[in-house]
Amino acid sequence: MRHVLQTGCLVAGILCFFYFAAIVLYVGMSEWFMCIWAVTGAVFLLIWRCLVYQEAHPGSVLRFVAGAGGLVLLVGFVSAAVIGSRIVGAMASKPQEGLDYVLVLGAHVIGTQPSRALQKRLDRALEYAEENRDTVFILSGGQGADEDISEADCMYRYLTEKGMAPQRVLLEDRSTSTLENLRFSAMLLSREEDRIGILSNNFHIYRALLLAEREGYRHVCGIPAHSDLWMQPHYVLREICAVLVLTVKK
């Protein structure tokens, strides 16, 4: 059993470091949260080294270090598994037809062009608009320091250039977070009466719906868009941590 634990910690640590390097090469060091993969890898390797040392020196107190580290990882894994299952479940949710409004959550804009994540959201919005002709779309997102235009304006340009009628679109261009997306967009609709869809990348749907319900949205569903498959483990882990923070703040 001890050798299985040693091998598991070694392999997990190496994989975490490789994944960290791979996502940095793939998208650059775009956010500090990426470092969690390197930190987790270091913890796994520290536990592995303690287990190896303990095997060679049975009386060493390092067994307590390894035990404490293993307990922390076990609690973290169980918590992540519970929340992760909910996130994955929301990723496969089916939206209702004929919604009154669809709230498209903003994402990073590169200059004046949508990022890959945002473009996937917009393409999903076009699909829903084609199938539901009476639905109005609220495009929600302000302008970041490194963006030439607001996310809402970028989304409006993209959708109308692809054929969406301008009269089907409302803009909310002040928000800087998911919570603000929901709060500011609520001024354009009725949270109690309207049937509303929250459109975002699939990994984000669970947290967005959780926040929407806290903000008083009564008839709300998720509309998941695709996301980058290679980045999916990172995105899901980031969402797990964000949901944990929300749970603590509740």
Side-chain angles (χ1 to χ4, degrees), residues 87-143 147 149-229 235:
I87 292 172
V88 172
M91 289 168 62
S93 59
K94 301 295 183 183
Q96 300 174 17
E97 296 181 358
L99 292 167
D100 298 309
Y101 293 93
V102 167
L103 172 53
V104 185
L105 303 183
H108 186 58
V109 170
I110 304 172
T112 61
Q113 300 300 313
S115 59
R116 284 181 293 188
L118 183 54
Q119 184 173 339
K120 291 179 186 298
R121 300 182 190 189
L122 297 174
D123 289 339
R124 182 68 184 94
L126 288 168
E127 290 178 6
Y128 190 89
E130 181 65 25
E131 298 167 355
N132 301 271
R133 298 284 184 169
D134 295 326
T135 300
V136 175
F137 290 79
I138 298 176
L139 313 179
S140 180
Q143 182 176 350
E147 298 172 332
I149 59 175
S150 71
E151 294 167 5
D153 190 21
C154 174
M155 291 190 281
Y156 177 83
R157 295 183 187 185
Y158 185 91
L159 292 176
T160 53
E161 287 174 1
K162 294 290 185 179
M164 184 178 288
Q167 60 267 29
R168 297 184 65 185
V169 180
L170 300 174
L171 271 64
E172 181 287 297
D173 60 0
R174 295 185 296 147
S175 56
T176 59
S177 67
T178 303
L179 184 58
E180 289 185 353
N181 289 149
L182 295 163
R183 285 181 177 174
F184 296 158
S185 296
M187 301 176 186
L188 303 173
L189 48 78
S190 172
R191 285 179 283 191
E192 292 77 21
E193 298 179 4
D194 289 327
R195 294 184 302 126
I196 302 159
I198 308 295
L199 195 157
S200 188
N201 299 104
N202 50 20
F203 59 84
H204 189 213
I205 292 295
Y206 177 75
R207 180 162 61 95
L209 290 176
L210 190 63
L211 285 169
E213 291 172 0
R214 290 189 181 184
E215 287 298 305
Y217 286 71
R218 295 290 175 253
H219 310 287
V220 64
C221 68
I223 305 178
H226 293 300
S227 59
D228 196 321
L229 184 61
Y235 290 146

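Remember, it's a predicted structure, so these values are computed and weren't measured experimentally.
- Inter-residue side-chain proximity for Arg124 and Glu127 is flagged as met; some heavy-atom pair is nearer than 4.5 Å.
- One distance of note links OG1 of Thr178 with CG of Leu209; it measures 11.0 Å at 0.5 Å rounding.
- In this structure, Arg121 contributes its side chain and Val104 its backbone to no donor-acceptor pair below 3.5 Å.
- Nearest heavy atoms, Ser93 versus Ile205: OG-CG2, 4.3 Å.
- Here the side chains of Leu159 and Leu126 are in contact, with some heavy-atom distance below 4.5 Å.
- Atoms CD1 and CD, on Ile198 and Glu213 in that order, are 10.0 Å from each other to the nearest 0.5 Å.
- Nearest heavy-atom pair, Tyr158 versus Pro114, reported as atom, atom and distance to 0.1 Å: CD1-CG, 4.0 Å.
- With hydrogens and angles left out, the side-chain atoms of Ser227 and Asn201 include no donor and acceptor closer than 3.5 Å.
- Contact annotation: the side chain of Asp173 never approaches that of Asp153 to less than 4.5 Å [non-hydrogen atoms, C-beta and beyond].
- Scanning both residues, Ile223 and Gly197, for their nearest heavy atoms gives CD1-CA, 4.1 Å.
- Note: Ser150 OG to Met155 CE = 7.5 Å, rounded to the nearest 0.5 Å.
- Atom CG of Leu182 is separated from atom CZ of Arg214 by 12.0 Å, given to the nearest 0.5 angstrom.
- Sorted by first and then second residue, the ring pair (Phe, Tyr, Trp, His ring centres under 6.0 Å) pairs with a member in residues 176-206 read Phe203-Tyr235; sequence neighbours excluded.
- Within the structure, every pair that satisfies the side chain to side chain donor-acceptor pair (under 3.5 Å) test and touches residues 215-225, not counting sequence neighbours, is listed here: Arg183-Glu215.
- When all heavy atoms of Ala225 and Leu199 are compared, the closest pair comes out as CB-CD2, 4.4 Å.
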_Derivation and outcome, side chain to side chain contact (heavy atoms under 4.5 Å, CB included), residues Leu118 and His108_ = CA-CA 7 Å; Leu118 183 54; His108 186 58; over 6 Å; no

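- Of the possible polar contacts, none joining the Glu172 side chain to the Ser185 backbone as a donor-acceptor pair under 3.5 Å is found.
- Checked by atom type and distance alone, the side chain of Tyr128 pairs as donor or acceptor with a backbone atom of Leu99 at under 3.5 Å.
- Between Tyr101 and Leu170 the shortest side-chain heavy-atom distance falls below 4.5 Å.
- With Gln96 contributing its side chain and Gly98 its backbone, the two residues share no donor-acceptor pair below 3.5 Å.
- Few gaps surround CD on Glu192; more than 12 heavy atoms of other groups in view lie less than 6.0 Å from it.
- Between Cys154 and Gln113 there is no side-chain heavy-atom pair separated by less than 4.5 Å.
- The side-chain contact (heavy atoms from CB on, under 4.5 Å) check on Ser177 picks up Leu179, Glu180, with sequence neighbours excluded.
- Nearest heavy-atom pair across Gly142 and Glu147 is O-OE1, 3.6 Å.
- Asp100 contributes a side-chain N or O that, together with a main-chain N or O of Arg195, makes up a donor-acceptor pair within less than 3.5 Å.
- Within 6.0 Å of CD on Glu97 lie no more than 12 heavy atoms contributed by other residues, nucleotides or ligands.
- The heavy-atom pair separating Ser175 from Asn181 by the smallest distance is OG-ND2, 2.5 Å.
- We find the CD-NE2 distance between Gln119 and His226 to be 13.0 Å, quoted to the nearest 0.5 Å.
- Looking at Thr160, its side chain does come within 3.5 Å of a backbone N or O of Arg157 through a donor-acceptor pair.
- Looking only at side-chain heavy atoms (C-beta outward), Val220 and Leu103 stay at 4.5 Å or farther from each other.
- The structure places CD of Gln143 at 15.0 Å from CZ of Arg174, a figure rounded to the nearest 0.5 Å.
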